[in-house]
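One structure below.
Computed from heavy atoms alone, side chains included, the values below leave out hydrogens, waters and symmetry copies. Letters A, B, ... are given to chains in the order of the sequence lines, protein chains preceding strands, and every chain is numbered from 1.
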2 protein chains.
Amino acid sequence: MAIPRAAKTQRRTRIQEEKEEIILEAALDVFSVNGFRGTTIDQIAEVAGMSKPNLLYYFRTKEAMHRALIDRVLFTWLEPLRAFDANGNPESEIRSYIRRKLEMARDFPRESRLFANEMLQGAPHVEDELRGPLKALVDEKAEVIRAWATAGKITKCDPYHLIFSIWSTTQHYADFDVQVRAVLGQEHAGEGRFEDAARYLEQLFVDGLRIRHN
Amino acid sequence: MAIPRAAKTQRRTRIQEEKEEIILEAALDVFSVNGFRGTTIDQIAEVAGMSKPNLLYYFRTKEAMHRALIDRVLFTWLEPLRAFDANGNPESEIRSYIRRKLEMARDFPRESRLFANEMLQGAPHVEDELRGPLKALVDEKAEVIRAWATAGKITKCDPYHLIFSIWSTTQHYADFDVQVRAVLGQEHAGEGRFEDAARYLEQLFVDGLRIRHN
DNA sequence: AGATAATTTGACCGATTGGTAAACATTACA
DNA sequence: TGTAATGTTTACCAATCGGTCAAATTATCT
């Protein structure tokens with residue numbers, strides 16, 4: 001008798017951990033490109049190299065796979081913002097936040113696209129997380145930025161829209177990668193484009209905010 | 001005998017124009033949210049308020065609907081960039097480009113999401129347009145910006161990444177609308193958010209580029 | 001009005017969808 | 001080694017998919 005997903009044993013088998021890893025990896029491949037509705041379990045099964053019923057042994061529904069994937073990715077995705085330090089130097093904090101976000105766009109483009117897909121569809125599966133934990137985190141960091149502005153360390157500006165602009169400019173290089181490559185052309189579309197982007201964005205944000213260079 | 005899509009008559013009927021309009025409007029609703037793969041003809045038919053075979057009388061395949069929709073939207077979508085004037089004042093040109101793009105994000109969010117969906121999927125239906133006409137247009141405008149920089153009217157910066165950053169920051173308010181609303185919360189998520197965004201972005205880009213105020 | 005062309009629909013097709021049942025194979029553990 | 005739990009697969013299901021067809025309806029033109 002098969003009891004999937006550690007219902008009886010509490011502890012997860014070695015095989016369970018390995019297979020769930022493989023499945024989520026494959027699911028990330030497919031969901032990030034085709035979105036939830038556009039993804040079929042068969043596609044994921046093929047990428048994962050296992051049969052469809054075998055997938056459904058580990059995750060009972062397509063929703064369960066998507067849910068598990070979102071949950072896992074959401075935490076790491078917010079890491080850079082969590083690392084944003086109130087006690088740090090404004091210029092270096094913003095610089096390194098941009099750098100980290102850009103590295104994530106380069107190294108984890110599928111994760112970025114997974115979220116983008118979810119947002120485009122109106123976030124039917126994660127709206128609660130947005131209104132709850134995400135808003136709370138952004139509120140906290142926005143307050144830090146506002147304090148910097150009040151203290152005259154930074155130009156006065158709307159901290160929420162500042163955060164939005166950092167999110168959008170950096171994630172653009174993951175979500176719109178095809179367009180970026182197409183427009184830059186063969187010669188400038190190499191991996192150097194991330195360094196070019198980093199240089200440009202740091203210039204834009206730091207000078208744009210008139211951050212005091214100590 | 002039914003001859004769809006003006007094969008014989010050359011001229012399009014009044015009914016043809018009306019119905020094709022209704023269909024594309026409905027298709028925009030659905031494609032922009034669910035992407036190509038995630039959209040079904042039945043969904044479009046229901047939104048359009050007509051039977052599925054009736055849709056297929058005007059557009060023979062789902063691809064044909066999507067194609068027609070992309071073609072129509074692509075032109076208007078690039079309007080703001082086309083209006084970018086080499087002879088204008090750098091500051092006002094960039095300001096009004098941002099303003100126009102932000103207005104489009106506010107007034108035509110579905111069009112923005114349609115493209116975003118297409119990009120996330122790797123642009124399987126429009127890659128040629130990206131490498132061709134779009135790249136050509138961007139190359140031309142990038143040259144204008146570079147000339148401004150050379151003339152000292154503007155801070156030296158990578159013109160391509162400047163354009164990317166204007167695209168991403170403005171379209172963010174259409175594509176990630178749910179997230180923006182969720183983070184801003186009930187009180188700041190009203191329509192005023194576009195004016196706040198406009199104010200912030202103009203400040204960011206204009207001061208960031210150290211444009212000379214004549 | 002009558003004829004002809006344009007439009008609309010219900011019934012239907014084979015393929016694909018998410019998911020299930022049960023037989024079979026493998027593993028872990030006594 | 002034996003056996004019970006875990007893991008895997010084949011065959012299958014009803015629902016939905018993109019699309020066709022022929023018949024019925026409506027608009028157009030003389």
Can you tell which of B:Thr170, B:Asp107, B:Asn117, B:Asp175 makes a side chain to side chain donor-acceptor pair (under 3.5 Å) with B:Ser112?
B:Asp175

Whole-Å distance separating the CD atom of B:Glu17 from the P atom of C:dA6
15 Å

Would you mind reading off the distance between B:Ile23 atom CD1 and C:dT7 atom P, rounded to a whole angstrom?
11 Å

Between atom CE in A:Met65 and atom P in C:dT17, what is the gap in whole Å?
13 Å

Pick out the pairs of N or O atoms, protein on one side and nucleotides 26-29 of chain C on the other, that lie under 3.5 Å.
unit_1 : atom_1 : unit_2  : atom_2 : d
C:dA28 : OP1    : A:Arg14 : NH2    : 3.0

With a 4.0 Å limit, can you tell me whether A:Gln16 has a side-chain N or O closer than that to the phosphate oxygens OP1/OP2 of D:dG7?
yes

Side-chain contact, heavy-atom cut-off 4.5 Å: A:Tyr200 with A:Glu195?
no

Any residue of residues 33-54 of chain B with a heavy atom less than 4.0 Å from an atom of DNA chain C:
B:Arg37, B:Ser51, B:Pro53, B:Asn54

With a 4.5 Å cut-off on side-chain heavy atoms, are B:Val183 and A:Phe164 touching?
yes

Spacing between A:Glu63 atom CD and C:dG19 atom P, to the nearest angstrom:
6 Å

Taking atom C1' of C:dT8 as reference, at what distance in whole Å does atom CZ of B:Phe59 sit?
16 Å

Distance-only donor-acceptor check, side chains B:Asn34 and B:Thr39, under 3.5 Å
no

Gap separating the CD atom of A:Glu111 from the CD atom of A:Gln171, nearest 0.5 angstrom
11.5 Å

Below 4.0 angstrom, N of the basic side chain to O of the carboxylate: do B:Glu93 and B:Lys141 qualify?
no

Is B:Glu129 salt-bridged to B:Arg67, cutoff N-O under 4.0 Å?
yes

Does OP1 or OP2 of D:dT8 have a side-chain N or O of A:Tyr57 closer than 4.0 Å?
no

How many whole angstroms separate atom CG of B:Leu55 from atom C1' of D:dG19?
12 Å

Between B:Glu191 and B:Arg193, is there a side-chain N and carboxylate O pair less than 4.0 Å apart?
yes

Aromatic contact between B:His125 and B:Phe36, with the criterion being ring centroids under 6.0 Å apart: yes or no?
yes

To the nearest Å, how far apart are B:Leu56 CG and C:dT8 C1'?
12 Å

